[in-house]
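Data block below; observations after.
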2 protein chains.
Amino acid sequence: MVTIPSRRKRATIHDVAVEAGVSRGTVSRVVNDEPYVSASARTAIEAAIEKVGYVPNNAARSLVMQRSEAVGFIVHEPHSLFLDDPNIGGILLGANTVLSRSDYQMVSLVIDSQRDTDRVARYLSGGFVDGVIIVSARREDPITRVIEKLRLPAAFVGHPPEQSPLPFVGIDNRASARAITERLMQTGRQRIGMVAAALDRDSGADRLAGFTDALGDRFNPALVARVPLYTFTDGVKGMCALLERDPLIDGVFAASDAVAAGALEALRHAGRSVPGDVGIVGFDDSSWALRTQPHLSTVHQPAFGLGERAAECVLGQLRGEEQPADGILLETPIIWRDSA
Amino acid sequence: MVTIPSRRKRATIHDVAVEAGVSRGTVSRVVNDEPYVSASARTAIEAAIEKVGYVPNNAARSLVMQRSEAVGFIVHEPHSLFLDDPNIGGILLGANTVLSRSDYQMVSLVIDSQRDTDRVARYLSGGFVDGVIIVSARREDPITRVIEKLRLPAAFVGHPPEQSPLPFVGIDNRASARAITERLMQTGRQRIGMVAAALDRDSGADRLAGFTDALGDRFNPALVARVPLYTFTDGVKGMCALLERDPLIDGVFAASDAVAAGALEALRHAGRSVPGDVGIVGFDDSSWALRTQPHLSTVHQPAFGLGERAAECVLGQLRGEEQPADGILLETPIIWRDSA
DNA sequence: GGGTTTTCTGTGAACGTACACAGATTAGGT
DNA sequence: ACCTAATCTGTGTACGTTCACAGAAAACCC
């Protein structure tokens, strides 16, 4: 009868040591290429590693080293973020680029339910990551408490959580909204409205605030349509509402590019030309901006840069450097295209 | 002089034991809520855990348990996938949903460079994950070899890697392309062309093959425009090429919804009406499909379902169940809207 | 050739947990 | 009151590394 070695155990550093006729210590030195190992020992060990198919066990390593060389990238509310938010991919890649350069493994953790929250909290607590980057749409995030309690090096991206000492990297939504609204006013529009979205989030509220800042005395509360989400369909609805309230409206600031695309659709339906009858500007400079006809004038959101800076912030903390208590705000250039 | 406990060491199970006046074993039983522990001990231990702020160390646990309760989700070529591929988010959420239900932590690993490939390979080797789901656009993926060598439970999603025994979950691109082309033919179109994209990938090549299958004798090689990527801009280019070759073209199968959106743009520019002059169908049923005017008739790709099945496949292997050697193909219903 | 430095190697302890085992206590049935 | 069974608890070992330390060997200098 033949015994089937259905699942052979993984080779350990000890197996390599006996195979090469040396001690564990010497093998360890070769694996982490430290000095003070003879040429003969080195070649023997390398051959042995190849022969037994040795790969170091990270769990054991991070247990004794007290670190994992990994940084978590937490995405909360993925339904809205992954499927609608065009920035998330850029942030992710920016963060990965920086972490990769320092040989940190980025692991993204998706939180999609209460169960996920608990599990991710356990994961973070368990020493599987040395730091964490959080992209959250929520003002108050239960995972924030866990991170604070663990004193885990962290960085928020997008906008800061309420009442949290954690550092963050973001953009100045209010100033950017003000800037692009002023630019729209300079085109000579007289009746400017806004489709404001996601007012329950900092970003949404700030964009509306920037809009009113820009209009000053000329602000007309009736020309603000409020919709729940940064989506195409909410853009359609919001624009329809504005047209009903003022058929002569000639300028619109949409809270996001997706909203702007929806507004464009509503205007087309209503027989208005853009930018002829109505000038419209968006926010994000996402892939939406070039998919519409005409292309959108919008505020560029430096997604990749946000990811990079967040990663640098976490790496800095890992190196023991003190980080600025205030958040970092990145520049948001205005991209002027054809829609206004 | 006051000593500042700048970074207090994390409490261990041993600290809890001392605090509660019991042994490590009993604490362990409480933490993993096993039976055979008295009510008094339990309350004392729970209080002690709270007091010293104990959180179990996963690295130590997975070292002794020889498993990590985590499954990797590898995304290769994120530039094209995250930013253009509308399916990735759905796959990710589907996989997470299933894994979450079994209390597995899903960790996504992004491969964006050679350096990343090596690091991810080390990460997988190191015992940080018990299994892996791979979403790759590449036919030949270096990470595949690593996984095979490690005998790590795995599942490919999208389409199978070449010459690999690893199980996969996907759709039948060829049959789906054939089906929707036939549906387009049934609308009475006489001169049907295709904007074929990404012919270096299985999906791209299969979609073209399905198209020629459907046309049979009526296939006209001149009416196939080949473009490199599944993108909007390539769609514009491809459609322009088709219009040049046959100005009377009245039906188009676009290799993806993004390509179809580009084609629509080109047709609008050329003054053709859709679906009046030209009928057009896409592939993916992505968010593009409802953003265009008119909405796209397309092949629905069950992204969420693909993720679910891939996760189930990996979980099955972890439970020791034998998996079907052949891949699993999911249904792809045709969604008929206004563009044809 | 003796002493000092440099290079190389092996050993034991530690990291924080789970688990098997043994021992102690309590409960249950005659 | 005794025996058996059930319940509860503590101890030692193992998981696979890294690191400090102690020696051994080689190299170098007067």
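Chain A is the first sequence line, chain B the second, and so forth, proteins listed ahead of strands; every chain is numbered from 1.
- Partners of A:D116 by salt bridge (charged side-chain N to carboxylate O under 4.0 Å, His left out), not counting sequence neighbours, listed by chain and number: A:R119.
- One axis for each end of the helix from C:dG1-D:dC30 to C:dT30-D:dA1, each built from five base pairs, and the angle between them comes to 40° at 10° resolution.
- The structure places OG of B:S108 at 8.0 Å from CG of B:N96, a figure rounded to the nearest 0.5 Å.
- Taking B:S68 as the reference, B:D130 meet the side chain to side chain donor-acceptor pair (under 3.5 Å) condition, with sequence neighbours excluded.
- In terms of the salt bridge (charged side-chain N to carboxylate O under 4.0 Å, His left out) criterion, B:R42 has no residue partners (sequence neighbours excluded).
- Considering only residues two or more places apart in sequence or on other chains, B:F128 meets the ring pair (Phe, Tyr, Trp, His ring centres under 6.0 Å) condition with A:F128, B:Y123.
- With sequence neighbours excluded, the residues that form a side chain to side chain contact (heavy atoms under 4.5 Å, CB included) with B:D118 are B:Q114.
- In this structure, A:R10 contributes its side chain and B:S125 its backbone to a donor-acceptor pair below 3.5 Å.
- Every residue was checked against the side chain to side chain donor-acceptor pair (under 3.5 Å) condition with A:T43, not counting sequence neighbours, and none meets it.
- B:R101 is linked by a salt bridge (charged side-chain N to carboxylate O under 4.0 Å, His left out) to nothing, counting only residues two or more places apart in sequence or in another chain.
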Listed pairs, N/O of protein and of nucleotides 25-27 of chain D, under 3.5 Å:
none

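- Scanning DNA chain C 5' to 3' for nucleotides with an atom closer than 4.0 angstrom to a non-hydrogen atom of chain B gives a first and last hit of C:dG16 to C:dC19.
- For CD of A:E50, the number of neighbouring non-hydrogen atoms (other residues, nucleotides, ligands) closer than 6.0 Å is 12 at most.
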Protein-proximity profile, nucleotides 8-20 of chain D, B/S/- by nucleotide at the 4.0 Å heavy-atom cutoff, equals SBBBBB-BBBBS-
Going through the checks in order, is the salt bridge (Lys or Arg N to Asp or Glu O under 4.0 Å) test met by A:E312 and A:R309?
-> CA-CA 5 Å; A:E312 282 162 7; A:R309 298 301 291 272; 3.5 Å; yes
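- For B:K51, the salt bridge (charged side-chain N to carboxylate O under 4.0 Å, His left out) partners at least two apart in sequence or on another chain are B:E19.
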